[in-house]
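Just below is one structure, and these are the notes that go with it.
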Amino acid sequence: MLLGEENKVNFSFKGLVSWFLDNIVTLIFVMFVLFGFVVSEGTPIFFFLSELCDRIFRNSFLVLSLIIPVLAGLGLNFGIVIGAMSGQAAVALARYHGMGGTSGLLFCFVVSFFFAAICGYFTGKLYNKTRGQEMIASLIVGYFANGVYQFIFLFVVGVIIKVPATHPIIKPDGVGIRMTVDLIPVEKGGLKYSLENIYKIPFVQALLIVALAMLAILIIGYWLNQKRGHGYKNHPMAFGFNALMCIAVAGIAVYVISATPKLFNTVSELNSIASGLSATSDLDAVKSKLNTIASGLNAEAEGAGKSVAPKLNAVASDITSMIIPNLTPNKLNAVSSLIGSSASDLNDAAMETSPNALVSNLIRVRTVPVITGLLIIALCIFTELIMKTKLGQDFRSVGQNQHISEVSGINVDRTRIIATMISTVLAAWGQLIFLQSMGTLSTYSAHTQIGMFSVAALLVGGASTSRANIKNAIFGTILFNAMFIMSPTIGLSLFGQAALGEYFRSFMVYGVIGLALGLHVWKTNKKSKIVVE
Amino acid sequence: MPDPMNTNALCRLKSPGGVGLPTLIIAAFWVSILVGAYIVDISILTILGDTLKRAGMNGVLVLAMVPAIQSGTGPNFALPIGIVCGLFALVCAIELNLMGVSWLLASIIFSIPLAVFAGYVYGKLLNAVKGSEMTIATYSGFSITALMCLAWLMIPFSSPKMGWFIGEGLRETIQLGPVGASQLLNNFLSFIVQGEMLLPADRVGDLLIMGGAEIIPTITNEEVMRILAGEVIPTVDLGEGIRRGGEIIPTVIAKGPLVIPTVNLAELLNDGAIIKNGALVPSGMLLVFGFFSVLVWLYFRTKSGVAISAGGINPKFAQAAGLNIDRNRVLANILSTVLGAIGIIIYSQSYGYAQLYTAPLMMAFPAVAAILIGGATASRASVFNVVVGVLVFQGLLTAALPVANEVFAGTDLSEIMRAIIQNGIILYALTQVKRGG
């Protein structure tokens, strides 16, 4: 028994060291973000959460598209840049023809699918020719494709395909597409926010839904494992910890929702009236709604505190005296902005009535786009399901040993090409989500860094060149983007210059990729050395 | 009887280390662009002169690829490590207020121990990651450049030639003119082929013109007197004149097949001389490039160099024969890093500016592409590949810019072409890499 106890102590120390080395990249980033929170006094939490939320929804799809090539043995596919360029070509095409709204978005999805599939096919063939050096090949093919992309967009468009120089996306001299192309907002018939604006819910509600869903998944997973006899896969401690976290988050969300002053609902009502004003035809219904709001505010003011009441009264009188009389069809834009400013005045008043900092912070976080979230979840499910099909098993088998797969009858070349094609198409769609969320197409620079950032995000989440899963992707995206947001403030606090924070961020990104790659190769080499001896 | 050596032209094409098909294709493309230049009336001589200058500039950087490739670690994508060593040495030399030749020598001498240390550490890293050197090299290069960006911002140097006017840290581009180093090597022993130079009349004696000189006075002594007296002479273009101390002086145009300044060209240029036509051959820089090329070529014929090459061809066999592969790889890396450091110093003096911060990030790729265009593969390279490659690659890029601008106004076609050709040739070389072991 004494011996057993000794072994247990030794084992856990060695296990700890090896766990530490395995996850060193993740740990470095977690420490960096925590350090950022400690050092930066000025960043309000709601700003941080808003930015983080935006970035997660923008970038997750792209990071998820990297998983399949890793499983198929192609390493980290820096060539998703090519998929991103296909997506941008589709957006440029749609913008040129003035397409927008949901139909324009669908057009982009379909067109980019075809572009990306073709490009993915040729990229896959290239990877087959550069077996063993796929990662450096993917890096270089990204640069090469960038050259071809610039050739098409700066030269072919204009010199070989004649376009009118007066079109807003074409450069003034008629040759080439502009450096930045504005996507028209979806209300005016464009693509900007076309996916996001379909349905949005407040952040706290989203938090509640996600926490409850994850709790459900945990419980169902635990129960299924027990039922199928895989009881050994259940770790009670880990399960309990995760479940507790989910319940805690859900609890916070419920508390915030219940403690939210009703005034905030009024604020969001006013905001939605303002944004939908240009599309409304029934101005009388709007007038009556505004009247109800104004009288409600006056009633509220009677029961409110001394500092808040006059503000509520002021907003109510603004509505009755300025907004309602001016609600005529030709002044819709001006009235819309008046409503918007009343809403923000009301927001300031409402902030004073909120019970504590937690509530006021979480309330001010931007709304969450539901459809984008659903797409990301759909991709997660797709990745899980495809790995359970024969194709997925082929990917895994080719990833582990190409020779044995070939001998077992799997067409290794074809499987690798399919993996590349899927990844490129997913990257194209991911770039579409990114662009509609950004609102501008930076024609020549939007795609150049995403390969590196997505790979870095995946690695930060704990993946390696031969092993990646959905948890790595999502967790990595959250952590990586948190670091991104924190770095200017860290630079400012530590060094006194925000620019240093930016350079430090670049260093972290390059360094993390180099470190993760190096560690992985070193471990693989060490393992093969032991086998030989 | 069939000749077992089979030395006909086709075999020479296919032999490793010789001139391959990609080289011929790109060389043919270059020649066709030169023909295009002739058609649109651009001076081919000027283009060739610029080609020589750019080839010399990049030469030693491309030379740095040879030890890395020969030792089996593939092309040195981590050239930025050597480059930042060289940049740091050059910045220190400026801080010490050195100028001209002393600046050049100090930079080179100081960069060598820095590069040896960096190359040693990096070489050890590469030994731990055999099989994936190229990817790791690229990201090591990127990381070190990014780290040095932090250093450039925090370095406590105070020389006004280098710092920002407000705040700490060094500027992004540092002019080398004030250090007396702009074109320093280029102008040494330089001469102009088919040259035409506008210069002060009393300086004509400083030129040695071979093959038939032609001296055409543009502003004579007598005309100068008349101008100083206030007369306006319609045949004289004052804009073309040279002023000394604010006053117009007599000038001539000296023409000839071979114009050789007997004093340093910089002196003439400082006095107002302008080269109007012809190919300026930067002999000083070409001599230095030649010197280092010969050095590398000789080194790979010594026992140590042959050992490095043997380790690259077949590591297991070399190990069995008693060579220390790991030590040789580190040695090759040290060599490569030192050449990179010296290379950037030569590059910067020719360019006239030292570029800090993110400029070194992408400097490895043109060097890799150049040596691959010269016929090298990812595992075999020779000095012959370096010379051929850097001439053809830089020649193509130099010629393409004016021709493209003339034919298709308004697009930077040469930059796009550079991206496509450079990365295309690297991809081609990667497809030829045989999986080891």
Side-chain angles (χ1 to χ4, degrees), chain A residues 75-76 78 126 128-151 154-155 158-159 171 173-176 452 465 491 495-497 499-500 502-522 524-526 528, chain B residues 74 77 125-154 167-169 357-358 361-362 365 368 378 404 408-413 415-424 426-436:
Chain A
L76 297 162
F78 290 97
L126 176 75
N128 282 341
K129 283 206 176 283
T130 55
R131 238 172 268 267
Q133 305 292 335
E134 288 92 352
M135 275 197 281
I136 184 82
S138 66
L139 197 61
I140 305 282
V141 82
Y143 296 143
F144 177 76
N146 195 18
V148 175
Y149 174 85
Q150 286 185 336
F151 179 70
L154 274 178
F155 181 72
V159 175
K171 279 200 205 157
D173 57 7
V175 174
M452 211 167 45
T465 33
F495 305 110
Q497 297 184 49
L500 269 173
E502 306 257 331
Y503 284 132
F504 194 62
R505 173 173 73 196
S506 306
F507 168 63
M508 293 285 276
V509 173
Y510 294 132
V512 89
I513 298 181
L515 183 64
L517 289 178
L519 273 177
H520 173 78
V521 178
W522 175 65
T524 324
N525 284 349
K526 245 176 50 154
S528 53
Chain B
F77 282 101
L125 166 71
L126 271 193
N127 279 342
V129 293
K130 291 195 185 133
S132 297
E133 291 97 345
M134 286 196 261
T135 324
I136 305 228
T138 316
Y139 275 95
S140 309
F142 288 166
S143 317
I144 299 291
T145 312
L147 190 63
M148 279 309 280
C149 286
L150 287 173
W152 299 132
L153 263 183
M154 299 199 290
E168 271 190 30
Y357 293 95
T358 52
L361 268 183
M362 293 293 170
F365 299 104
V368 175
F408 309 109
T411 41
D412 193 3
L413 205 59
E415 185 56 32
I416 299 174
M417 236 175 50
R418 185 193 60 82
I420 295 182
I421 293 179
Q422 173 185 299
N423 295 307
I426 299 180
L427 280 178
Y428 173 76
L430 283 174
T431 60
Q432 308 289 314
V433 169
K434 299 274 175 288
R435 204 160 181 196

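Model, not experiment: these values are computed from the prediction. A note on names: the letters A, B, ... follow the listed sequences, proteins ahead of strands, and every chain is numbered from 1. Atom set for the values below is all heavy atoms of this structure, side chains included, hydrogens, waters and symmetry mates excluded.
- The two residues A:Gly147 and B:Ala419 make their nearest non-hydrogen contact at CA-CB, 4.0 Å.
- Annotation for A:Lys129: atom NZ does not count as buried by contact number, only 12 or fewer foreign heavy atoms lying within 6.0 Å.
- Atom CD1 of A:Ile136 and atom CD of B:Glu133 lie 11.0 Å apart (nearest 0.5 Å).
- Neither the backbone nor the side chain of B:Met148 has a heavy atom closer than 4.5 Å to any heavy atom of chain A.
- Side-chain atoms of A:Trp522 and B:Ile136, non-hydrogen and from C-beta on, never get closer than 4.5 Å to each other.
- Between A:Phe155 and B:Met417, the closest side-chain pair of non-hydrogen atoms is not below 4.5 Å.
- The minimum heavy-atom distance between B:Ala146 and A:Ser506, with the atom names listed, is CB-C, 4.1 Å.
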Given side chain to side chain contact (heavy atoms under 4.5 Å, CB included), test A:Val141 with B:Leu427 step by step and report yes or no. CA-CA 7 Å; A:Val141 82; B:Leu427 280 178; 3.9 Å; yes
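- Of the listed residues (B:Val129, B:Thr358, B:Leu125), the greatest number of heavy-atom pairs within a distance under 4.5 Å of chain A belongs to B:Val129.
- In this structure, CG on A:Leu139 lies 6.0 Å from OG1 on B:Thr138, to the nearest 0.5 angstrom.
- Looking at B:Ser140, there are no atoms closer than 4.5 Å to chain A (heavy atoms on both sides), in backbone or side chain.
- Heavy atoms of A:Tyr149 lying under 4.5 Å from chain B are absent altogether.
- Ranked by heavy-atom pairs under 4.5 Å with chain A, the list B:Ile144, B:Ile421, B:Ile420, B:Thr145 is led by B:Ile420.
- Contacts of B:Leu361 with chain A are made by side-chain atoms alone, with heavy-atom separations under 4.5 Å and no backbone atom involved.
- Under the ring pair (Phe, Tyr, Trp, His ring centres under 6.0 Å) criterion, A:Tyr510 pairs with B:Phe142, not counting sequence neighbours.
- Between chain B and the residues A:Leu517, A:Val512, A:Thr524, the largest count of heavy-atom pairs under 4.5 Å involves A:Leu517.
- To the nearest 0.5 Å, atoms CD (A:Gln133) and CG (B:Leu430) are separated by 6.5 Å.
- Taken from CG in B:Leu150 to OH in A:Tyr503, the straight-line distance is 9.0 Å, to the nearest 0.5 Å.
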